[in-house]
Amino acid sequence: MSDIFTSTVAALSTARGKAGIAVIRVTGPDCFDIVSKVFVPRSKKALRDYPTHTAVYGDMLYEGDVVDSGLCTVFFAPNSYTGEDTAELSCHGNDLCVSLILSSLYAAGAVPAGAGEFTRRAFTNGRISLSQAEAVAELIDAQSTAALRLSNAKVSGKLSREMDDISNSLTNILASVYAFIDYPDEDLADMSKEEMKEALTVAKERLCRLCKSYNSGRAISCGINTAIVGLPNSGKSSLLNTLTDSDRAIVTDIAGTTRDVITEKVTLGNITLNLSDTAGIRQTDDAVEKIGVERAYGAVRESELVLAVIDGAAPLCKEEKDILSFLSEQKDKNVILVVNKNDIAPVSAEKAEYLESVSQGFFAIVSISAKSGDGKDQLSEKINELYPAGDDLLSAGLVITGARIYAAVNGAYNAVCEGLCTLEGYTQDLAGTDIERAISCLSEADGRKVTEEIVDNIFSRFCVGK
């Protein structure tokens, strides 16, 4: 590890700018020696003489002069966020005041903390797992109540404990395999071949549940990239406004009003959609509109979910067929046909028959009135079917949100599946390699066996002060 973990670091942990208070965090082996040169308790009692987790009132100094008064909360190792001696100075939220106090701390021997360094120290000192550390970043970035609940569940260690428990069960199976390898003729293994199969099947099912949670986890924490596409005047912008409960997009009777991609976030139930309202797709000689059409196709390619808006009050046309044909070729996309304007006129028999004939290639068909909002709830239900994220799932907290952990858990799942296949036709010792690989994957997921490069990459995304 870098020498930053033998130094004492300090940084502002709250946002910069005018505020009622600001919190400066200091942590490291010389924490209280350094802070004592900057913070003087009104009681004149040394900071080390207070019990851990105590808030002390006093004065904060810059070059010997008092620049502010406030609290210093003391945390003694190992019972602190970082696992080291830690102090948190609560001063007034004035940029100049904060800068002077930080300058005093640096002059006293502290060094500026790097991005995410407090949380990295917590991970390095065994206070939290790597999955918990990632959850801290997700908690800071959460933009919905569901995302907050899920992040808090992960910070508390629910996902980490589940992966640990699965890993321990696999380790017990592996111990039995080693006993079989070392003493093949003495029947010293704790598990019979059938018992080993049963235990591996249970591990497989638990890993499978975690893997299946990934789609919902992404939808909650990051949001699903979603493109709204269709012909001009089909009601795409009205749909955006309905979903966002705003007048985000301009809506007129003039075809081609939307010339560029308009983006907005919307929460439906417990999931978030990263919506992109696109230009109407049609043949045009207008140079600007052409660019908008090209960007519409690009938005589809970059999206996971597509809401294809069909004008239900208009007759079936070739351009509409062309759009649906293009979407049917996008095999990696979830496409919902949104038949709009059900408040104006019913869909013609010809159009209804055609939509029914192509519906097998898409996830669902929903009839709505984007103008009145009728059918919005049905559309939300269909989207939530794709990304189920009920309250039970959030409470359990056993949800994967990041690609790194998903790849590792999926690797463990595949290894366990291969181990079960091996046991069907061969002896226990040959399944040992698969079980070892599964354990190794889970160790990578939770940081027990992970490269320094991966750890660096994860903490580089944190803000300074966390």
Side-chain angles (χ1 to χ4, degrees), residues 3-122 124-125 127-128 133 136-137 139-142 148 155 459 461-466:
D3 62 357
I4 59 172
F5 296 104
T6 61
S7 60
T8 297
V9 295
L12 176 66
S13 284
T14 49
R16 285 199 173 275
K18 290 183 179 180
I21 64 168
V23 177
I24 297 170
R25 181 179 282 167
V26 187
T27 192
D30 301 320
C31 171
F32 293 112
D33 291 338
I34 291 170
V35 172
S36 294
K37 296 174 183 176
V38 178
F39 179 85
V40 180
R42 290 282 178 92
S43 66
K44 305 303 180 184
K45 187 176 174 182
L47 289 175
R48 285 191 177 278
D49 292 338
Y50 284 93
T52 187
H53 294 69
T54 300
V56 182
Y57 183 69
D59 297 315
M60 300 174 203
L61 310 178
Y62 173 72
E63 294 184 348
D65 295 325
V66 175
V67 291
D68 200 4
S69 58
L71 297 176
C72 175
T73 307
V74 298
F75 305 89
F76 296 116
N79 301 310
S80 69
Y81 180 71
T82 63
E84 305 169 320
D85 284 345
T86 302
E88 292 183 353
L89 298 171
S90 298
C91 61
H92 289 93
N94 173 291
D95 278 343
L96 177 58
C97 180
V98 168
S99 295
L100 293 177
I101 294 169
L102 281 172
S103 294
S104 293
L105 290 167
Y106 299 148
V111 295
E117 185 166 343
F118 295 112
T119 303
R120 181 162 186 167
R121 288 182 178 225
T124 302
N125 293 326
R127 293 289 291 170
I128 57 174
V136 171
L139 180 63
I140 293 170
D141 293 335
L148 278 173
V155 168
F459 287 103
R461 298 193 294 269
F462 279 63
C463 57
V464 172
K466 190 53 189 170

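Both backbone and side-chain heavy atoms feed into the values below; hydrogens, waters and symmetry mates do not.
- When side chains are defined from C-beta on, Cys91 counts as touching Val98, because their heavy atoms get closer than 4.5 Å.
- In this structure, Tyr81 and Phe118 have side chains that are in contact, with non-hydrogen atoms separated by less than 4.5 Å.
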Evaluate the side chain to side chain contact (heavy atoms under 4.5 Å, CB included) criterion for residues Ser103 and Glu63: first the C-alpha distance (whole Å), next the side-chain angles of each, then the deciding distance (0.1 Å), finally the verdict.
CA-CA 9 Å; Ser103 294; Glu63 294 184 348; over 6 Å; no
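- Considering every non-hydrogen atom in both Ala10 and Leu105, the closest pair reads CB-CD1, 4.2 Å.
- Of all heavy-atom pairs spanning Pro41 and Leu47, the tightest one is CG-CD2, 4.0 Å.
- The main-chain N or O of Val40 is never found under 3.5 Å from a side-chain atom of Asp59 such that the two would form a donor-acceptor pair.
- The nearest pair of heavy atoms linking Asp33 to Arg48 is OD1-NE, 4.5 Å.
- For the atom pair Ile101 CD1 and Tyr106 OH, the distance stands at 11.5 Å (nearest 0.5 Å).
- Looking only at distances, no side-chain donor or acceptor of Thr119 sits under 3.5 Å from a matching main-chain atom of Gly116.
- Among all heavy-atom pairs drawn from Thr86 and Ser80, the shortest one is OG1-OG, 3.4 Å.
- Of the possible donor and acceptor atoms, one in the side chain of Ser104 sits under 3.5 Å from a partner among the backbone N and O of Leu61.
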Applying side chain to side chain contact (heavy atoms under 4.5 Å, CB included) to Thr52 and Val74, what does each step give before you reach the verdict?
CA-CA 6 Å; Thr52 187; Val74 298; 5.6 Å; no
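- At a threshold of 4.5 Å between non-hydrogen side-chain atoms, the residues Ser99 and Arg16 count as touching.
- At least one donor-acceptor pair under 3.5 Å links the side chain of Thr8 to the backbone N or O of Asp30.
- In this structure, the separation between CE on Met60 and NE2 on His92 is 9.0 Å, given to the nearest 0.5 Å.
- Considering CG of Leu102 and OH of Tyr62, their distance stands at 11.5 Å, rounded to 0.5 Å.
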Worked check of side chain to side chain donor-acceptor pair (under 3.5 Å) between Tyr57 and Ser43
CA-CA 8 Å; Tyr57 183 69; Ser43 66; over 6 Å; no
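- No donor-acceptor pair under 3.5 Å is formed between the side chain of Asp85 and the backbone N or O of Gly28.
- Here the CG atom belonging to Leu96 is positioned 10.5 Å from the CG atom belonging to Asp68, to the nearest 0.5 angstrom.
- The backbone N or O of Glu84 sits nowhere less than 3.5 Å from a side-chain atom of Arg127 that would complete a donor-acceptor pair.
- Between Phe32 and Phe76, the ring planes lie tilted relative to each other; the angle falls in the 30° to 60° range.
- Atoms OG1 and CD, from Thr124 and Glu117 in turn, are 9.0 Å apart once rounded to the nearest 0.5 Å.
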Apply side chain to side chain contact (heavy atoms under 4.5 Å, CB included) to Val35 and Leu89, showing your working.
CA-CA 9 Å; Val35 172; Leu89 298 171; 4.2 Å; yes
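- Atom CD1 of residue Ile34 and atom OG of residue Ser7 lie 8.5 Å apart, to the nearest 0.5 angstrom.
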